[in-house]
Every structure is written in structure tokens, then in C-alpha cells.
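Here the structure comes first, spelled out in C-alpha cells, and everything after it is commentary.
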Amino acid sequence: MTSNRAFVMGHPIAHSRSPMLHTYWLERYGIEGSYERLDIAPEALDGFFAGFREAGWIGGNVTVPHKMAVIPHLDGIDAEARAMGAVNTIWWKDGALMGGNTDSLGFLGNLDECAPGWDASAGRAVILGAGGATRAAIHGLTSRGLDVAICNRTVAKAEALAGQFGKRVTAHGLDAVGALLADADLLVNTTSLGMIGQPPLEIDLATLKAGAVVHDVVYVPLETGLLKQAKARGCRTVDGLGMLLHQGVDGFRRWFGQTPEITQDLRALLVDDIRAKTPGA
Ligand code: ATR
């Protein structure tokens, strides 16, 4: 059995495409190692960490519902994880078990790759939603100097989130979206609406500037209703698959010592998998 064992842990975890991503990179670089899918129920978390060292894990990814719950089990967390209050990547550093968060790196990396120059003159962003992905988007966008308006069905959740990020970030209900779009350079959907199996995202883009960029973190289907509508208006669009690819880069580098590339082959592999497993995607 290989000693270079990394993991993705969550509950449920069957849907995770991270094993496909990291296994592709292991093969591409001829690195001996594995990346395993672990279904860890909340009540099994203590036991998992009690046996962590003995199991020989070199690190891994953490997903829902454990991104906050793992923190007390770690020896330290980095500034990104602290800013987001959540960990998605674990690794060893000088004998200490560390946690970081690469979600906002993934978010920004995807925008940089798919809409080059998007932030050159961007001043304002509108984000729909107030969940886990929203936090990564706000952190990333404010780090690039944008003002952010969070619009959510439950305004209290948007307000709580805005309160953690300072004056640049404001909170609104969904009824404010139309007016806010008129000044927006970037629109980001972080709700689950528009995903296969979820209700559609109903939004009127009539006030949005044609020069605005529209990004949907939903990637099943790859081209959501929002992105179709944005394309029809002549806006540049960015789908959500790249965020998954980009957030994985830093973990792979830490565990296996190689900065992996995001190739067209890799993207095609994931696109094929999404289409094969989700009719209509
Ligand atoms: P998380 O990202 O924390 O797992 P989620 O339950 O997946 O959160 O929901 C993500 C976002 O989708 C939330 O902002 C949610 O709005 P609420 O905070 O009001 O629940 C939004 N959302 C889900 N279904 C929705 C709907 N039918 N209409 C409007 N927003 C919706």
C-alpha cells in the first residue's frame, strides 16, 4: 500500500469529483500516491482525527458538513481559513497538522482564467446567496478591491455575512437585485438555484451592463439558465467547474510537492463525467 495517502472527507461524499481531479494529476505526473473518498459522519469525526497520524494520511480536503468542525482538531489554521471561518485543506507542516482554505483562490483563479482582465476596472459586484460559497466569493472579491452587495432571500443571513466583512460589503433582499445590477461589473450566483433538481433562478438581467461578467458557481449543468441569459445579452460568462479545479491546486502542491496544471484534458474529463451522470446537463 502506498504511504502517500490523501483524502477528501465529507458526509455525504459520493458526489465529490475531487478524487477524479487528484487521481488525474497523480497519473499525469507519475506520482506514487492515492486520493481517497471518505464518508465520515459527524459522530465519527473525533475517531477519525484520533487515528489520523497512525493511518498515515499526508493530508486531504474537507467538505460539507465538516469545514468548521475540523478546526478544533488541527494544530493551526492559516489566514485564509481564519478569514472564512472554515477549512477545506489539511496538511502537515513540521509535525503540526495545519488547515487552510483554498476556496477563494479557486474562485479567483477561475475568473482570472475564464474572464481575463475581469477586475481591471471592476468596482462593484452583486452576489446572490448567503451560504458557504458566498463567503469565499466575498473574501476573494474584497481582496481585489471590489465593493460587494450580497442579495439573499433571507436578508438576515446576508446581514450577518456582511457584518463580518466590513464596510465594503452590504446586505439586501432579492427585491433590490434589479436596481443593484445597473451599477454592477460582476454578477455571481452562489445559490443552489439553477442546479439540476433545484428550482430555476428567476432573474431579470435587463438592467445589467453588456460589459459585465456573469459567473455561476453552479456547474451541473455547466451552462445554467443564468449563463444562457447573460450570453444572450452579450456578457462574458464563467461557469462553476473551474472553481473546483482551481481550489485543488494548492492542496495537491502541499501533499505531493508538484504544482499541477489545469489542462483542457482535465476539464474535458470532468465535463464528460458530469454529462454521463446527469441527464440534461
Ligand atoms: P450552503 O451554501 O450554506 O450549503 P444552501 O442551503 O445550499 O447553503 O443555500 C444556498 C443559498 O441558496 C442560500 O443563500 C439560500 O437562501 P436562504 O439563505 O434564504 O435559504 C439560497 N436559496 C435556496 N433555495 C432558494 C429559493 N428557492 N429561493 C431563493 N434563494 C434560495
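We count ligands from 1, going down the list as the structure has it; atoms in each ligand are counted the same way. The structure displayed is predicted, hence computed values, not measured ones.
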Checklist entry - Is it true that Tyr35 and Phe256 have ring centroids separated by less than 6.0 Å? => result no
Item to check | Option of least heavy-atom distance to atom 11 (C) of ligand 1 (set: Leu161, Thr191, Leu174) | outcome: Thr191
Checklist entry - Does Leu193 approach ligand 1 within less than 4.0 angstrom via side chain, backbone, both or neither, non-hydrogen atoms only? => result side chain
Next on the checklist: Can you classify the ring geometry of Trp92 versus Phe52 as parallel (below 30°), tilted (30 to 60°) or perpendicular (above 60°)?
Outcome noted: perpendicular
Item to check | Element-labelled atoms of ligand 1 that are located less than 4.0 Å from some non-hydrogen atom of Gly132 | outcome: 1 (P), 2 (O), 3 (O)
Checklist entry - Hey, which atoms in ligand 1 end up nearer than 4.0 Å to a heavy atom of Ser192? => result 12 (O), 23 (C)
Checklist entry - Do any non-hydrogen protein atoms sit less than 4.0 Å from atom 6 (O) of ligand 1? => result no
Checklist entry - Identify the closest protein heavy atom to atom 8 (O) of ligand 1: which residue and atom is it, and at what distance? => result Gly131 CA, 4.2 Å
Checklist entry - Hey, which atoms in ligand 1 end up nearer than 4.0 Å to a heavy atom of Gly129? => result 14 (O)
Checklist entry - Identify the closest protein heavy atom to atom 19 (O) of ligand 1: which residue and atom is it, and at what distance? => result Thr154 OG1, 2.5 Å
Next on the checklist: Please tell me whether Thr102 and Asp250 have a donor and an acceptor in their side chains that are separated by less than 3.5 angstrom.
Outcome noted: no
Item to check | Shortest reach to atom 22 (N) of ligand 1 by a heavy atom, considering only Glu202, Arg153, Lys157 | outcome: Arg153
Checklist entry - Quick one: does Trp57's side chain get under 4.5 Å of Leu38's, heavy atoms only? => result yes
Next on the checklist: For Phe107 and His139, I'd like to know if the aromatic rings sit close, meaning centre-to-centre distance below 6.0 Å.
Outcome noted: no
Checklist entry - Among all protein non-hydrogen atoms, which one is nearest to atom 13 (C) of ligand 1, and what is the separation to 0.1 Å? => result Asn152 OD1, 3.8 Å
Checklist entry - Are any of the N or O atoms of Thr190 closer than 3.5 Å to those of ligand 1? => result no
Checklist entry - Quick one: do Lys93 and Asp78 make a salt bridge, cutoff under 4.0 Å? => result no
Next on the checklist: Taking distance alone, with N or O pairs closer than 3.5 Å, would you say Ala130 contacts ligand 1?
Outcome noted: yes
Next on the checklist: Please determine whether a side-chain nitrogen of the Lys or Arg among Asp103 and Lys67 lies less than 4.0 Å from a carboxylate oxygen of the Asp or Glu.
Outcome noted: yes
Item to check | Aromatic contact, His22 with Trp255 (centres under 6.0 Å) | outcome: yes
